[in-house]
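Take a look at the structure below.
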Amino acid sequence: MKKIVTTILGLALGVSAFAQVSIGVEAGAAYGGMTQYLNSADRNATGMVGYKGGVNVNIPLGSMSRFHLQPGVLYRGLLGSESSYYKQSATGSGTPTYESDYRKYVLNQVQVPVYFVFKSGDPEFDYNHFFVGVGPSLSYTVGGRLHQIYSNSLNGSERVRDNNDPLVIGTGEYKDIAPINVDAAVMLGYEDKSGFYIKAYGQLGLLNIHPLADSRNRFNTYEAGLSLGFFFKKFEKYKY
């Protein structure tokens with residue numbers, strides 16, 4: 001992940017010698033979640049409100065082009081979901097049993113989107129413009145927590161396990177979450193002549209990030225949000 005971020009920043013700096021590049025910052029709020037399909041049970045998981053912030057680079061694809069490339073490096077905090085599972089049954093002798101399982105996953109990620117952007121208006125004279133972008137986004141989970149409360153009962157004897165620990169990131173047994181995800185992302189926004197912009201965005205995780213990633217276990221992420229940003233480097237000749 002560190003190599004990818006370094007490569008993107010290096011390309012941006014290299015392109016700046018030949019194109020009129022703008023570098024910007026942005027921050028905003030986001031609502032996101034993660035489906036929880038565990039042990040062949042599809043849980044009704046709910047999402048949570050989090051935040052996102054970081055830097056973007058706008059690279060025009062030509063001196064008078066309405067098309068641009070916008071890579072970025074963003075920190076996404078508090079992406080996750082919570083769910084509850086309850087099952088009641090009986091033993092062969094008719095003794096009632098039950099089990100319940102509450103889980104709350106909270107993920108903190110570094111995201112690297114690369115948008116292909118179209119900006120409306122005349123690129124020479126129109127300062128204010130709408131823009132729309134689509135592209136992939138690579139997400140890498142760098143931390144988070146898992147709060148799990150599991151209980152079962154037999155003959156009225158209840159056993160409860162309550163754990164609230166940092167996420168164990170990795171794949172395979174005894175892990176909580178796979179580290180890498182790839183999202184399909186889209187954004188729509190408006191930028192004024194000073195460099196300020198506002199945008200709404202949405203993205204959908206394409207990979208199963210459950211550490212086992214088999215037919216019985218699946219995690220898929222989704223998010224949508226609103227961000228405010230500012231591009232520092234604006235050119236008189238090339239308004240975008």
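Note that the numbering runs from 1 along the sequence shown for the chain.
With Ser153 contributing its side chain and Thr97 its backbone, the two residues share no donor-acceptor pair below 3.5 Å. A donor-acceptor contact shorter than 3.5 Å links the side chain of Asp192 to the backbone of Ser194. A donor-acceptor distance shorter than 3.5 angstrom exists from the side chain of Tyr31 to the backbone of Gly47, with no hydrogens or angles considered. With hydrogens and angles disregarded, no donor-acceptor distance shorter than 3.5 Å links the side chain of Asn39 to the backbone of Ala41. Judged by distance alone, with hydrogens and angles left aside, the side-chain atoms of Asn217 form no donor-acceptor pair with the main-chain N or O of Leu38 at under 3.5 Å. Put simply, the side chain of Arg145 gets close to the backbone of Asn164: a donor and an acceptor are under 3.5 Å apart. In this structure, Thr141 contributes its side chain and Gly143 its backbone to no donor-acceptor pair below 3.5 Å. Counting only distance, with no hydrogens or angles, the side chain of Asn163 and the backbone of Asp165 share no donor-acceptor pair below 3.5 Å.
The two residues Gly72 and Asn56 make their nearest non-hydrogen contact at CA-OD1, 3.5 Å. Heavy atoms only, all atoms of each residue included: His68 and Arg66 are closest at CD2-O, 3.2 Å. Nearest heavy-atom pair, Gly50 versus Arg76, reported as atom, atom and distance to 0.1 Å: CA-NH1, 3.7 Å.
At a threshold of 4.5 Å between side-chain heavy atoms, the hydrophobic network of Ile, Leu, Val, Met, Phe, Trp and Tyr places Phe231 and Val117 in one connected group. Put simply, Val55 and Phe196 are part of the same group of oily side chains (I, L, V, M, F, W, Y) that touch within less than 4.5 Å, one to the next. Residue Tyr140 is grouped with residue Val182 when hydrophobic side chains (ILVMFWY) are merged at heavy-atom distances under 4.5 angstrom, including chains of intermediate members. In terms of hydrophobic clustering, with Ile, Leu, Val, Met, Phe, Trp and Tyr side chains grouped at heavy-atom distances under 4.5 Å, Ile209 and Leu138 are assigned to different clusters. Leu226 and Val49 fall into different hydrophobic clusters, where Ile, Leu, Val, Met, Phe, Trp and Tyr residues are linked whenever their side-chain heavy atoms come under 4.5 Å apart, directly or through other members.
With sequence neighbours excluded, no residue satisfies ring pair (Phe, Tyr, Trp, His ring centres under 6.0 Å) with Tyr115. Scanning for side-chain contact (heavy atoms from CB on, under 4.5 Å) contacts around Val106 gives Met48, Leu78, Lys104, with sequence neighbours left out. For Tyr190, the ring pair (Phe, Tyr, Trp, His ring centres under 6.0 Å) partners at least two apart in sequence or on another chain are Phe130.
Here the side chains of Pro211 and Asp176 are not in contact, with every heavy-atom distance at 4.5 Å or above. Residues Ile59 and Pro71 form a side-chain contact, since some pair of their non-hydrogen atoms from C-beta on lies under 4.5 Å apart. Counting only heavy atoms from C-beta outward, the side chains of Phe131 and Glu191 approach each other to under 4.5 Å. No side-chain heavy atom of Val186 sits under 4.5 Å from any side-chain heavy atom of Leu188. Looking at heavy atoms from C-beta onward, Ser65 lies out of side-chain contact with Pro60 at the 4.5 angstrom threshold. Counting only heavy atoms from C-beta outward, the side chains of Gln203 and Gln111 approach each other to under 4.5 Å. Side-chain atoms of Thr171 and Pro179, non-hydrogen and from C-beta on, do get closer than 4.5 Å to each other. Taking 4.5 Å as the limit, some side-chain heavy atom of Leu212 sits within range of a side-chain heavy atom of Glu173.
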Please step through side chain to side chain contact (heavy atoms under 4.5 Å, CB included) for the pair Val114 and Leu69, ending with a clear verdict.
-> CA-CA 7 Å; Val114 180; Leu69 197 65; 4.0 Å; yes

Assess whether salt bridge (charged side-chain N to carboxylate O under 4.0 Å, His left out) is satisfied between Glu26 and Lys199, documenting all intermediate values.
-> CA-CA 10 Å; Glu26 73 171 59; Lys199 74 176 185 182; 3.1 Å; yes

Could you walk me through whether Gln36 and Ser81 pass the side chain to side chain donor-acceptor pair (under 3.5 Å) test, one step at a time?
-> CA-CA 8 Å; Gln36 296 186 26; Ser81 64; 2.9 Å; yes

Using the side chain to side chain contact (heavy atoms under 4.5 Å, CB included) rule, take Met34 and Tyr222 through it: C-alpha gap first, then chi angles, then the decisive distance, then the call.
-> CA-CA 6 Å; Met34 182 178 72; Tyr222 59 90; 5.8 Å; no

Residue pair Arg43, Asp101: steps toward the salt bridge (charged side-chain N to carboxylate O under 4.0 Å, His left out) verdict | CA-CA 11 Å; Arg43 303 190 179 196; Asp101 184 22; 2.7 Å; yes

Passes side chain to side chain contact (heavy atoms under 4.5 Å, CB included), Asn220 versus Tyr37? Steps please.
-> CA-CA 9 Å; Asn220 290 105; Tyr37 185 74; over 6 Å; no

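Here CG of Leu79 is found 9.0 Å from CG of Asn108. Values are rounded to the nearest 0.5 Å. One distance of note links CG of Leu74 with OH of Tyr201; it measures 8.0 Å at 0.5 Å rounding. Within the model, atoms CG of Leu207 and CZ of Arg218 stand 9.5 Å from one another, a figure rounded to the nearest 0.5 Å. Interatomic distance, CD1 of Ile23 versus CG of Asn58, reported as 10.5 Å (0.5 Å rounding). Atom-to-atom distance recorded for Thr46:OG1 and Glu82:CD is 4.5 Å, nearest 0.5 angstrom. One distance of note links CD1 of Ile149 with OH of Tyr102; it measures 6.5 Å at 0.5 Å rounding.
Close placement of the Tyr98 and Tyr86 rings is indicated, their centers lying within 6.0 Å of each other. Aromatic pair Phe116/Phe67: ring centres closer than 6.0 Å.
Ring geometry for Phe219 versus Tyr105: interplanar angle over 60°, hence perpendicular rather than tilted (30 to 60°).
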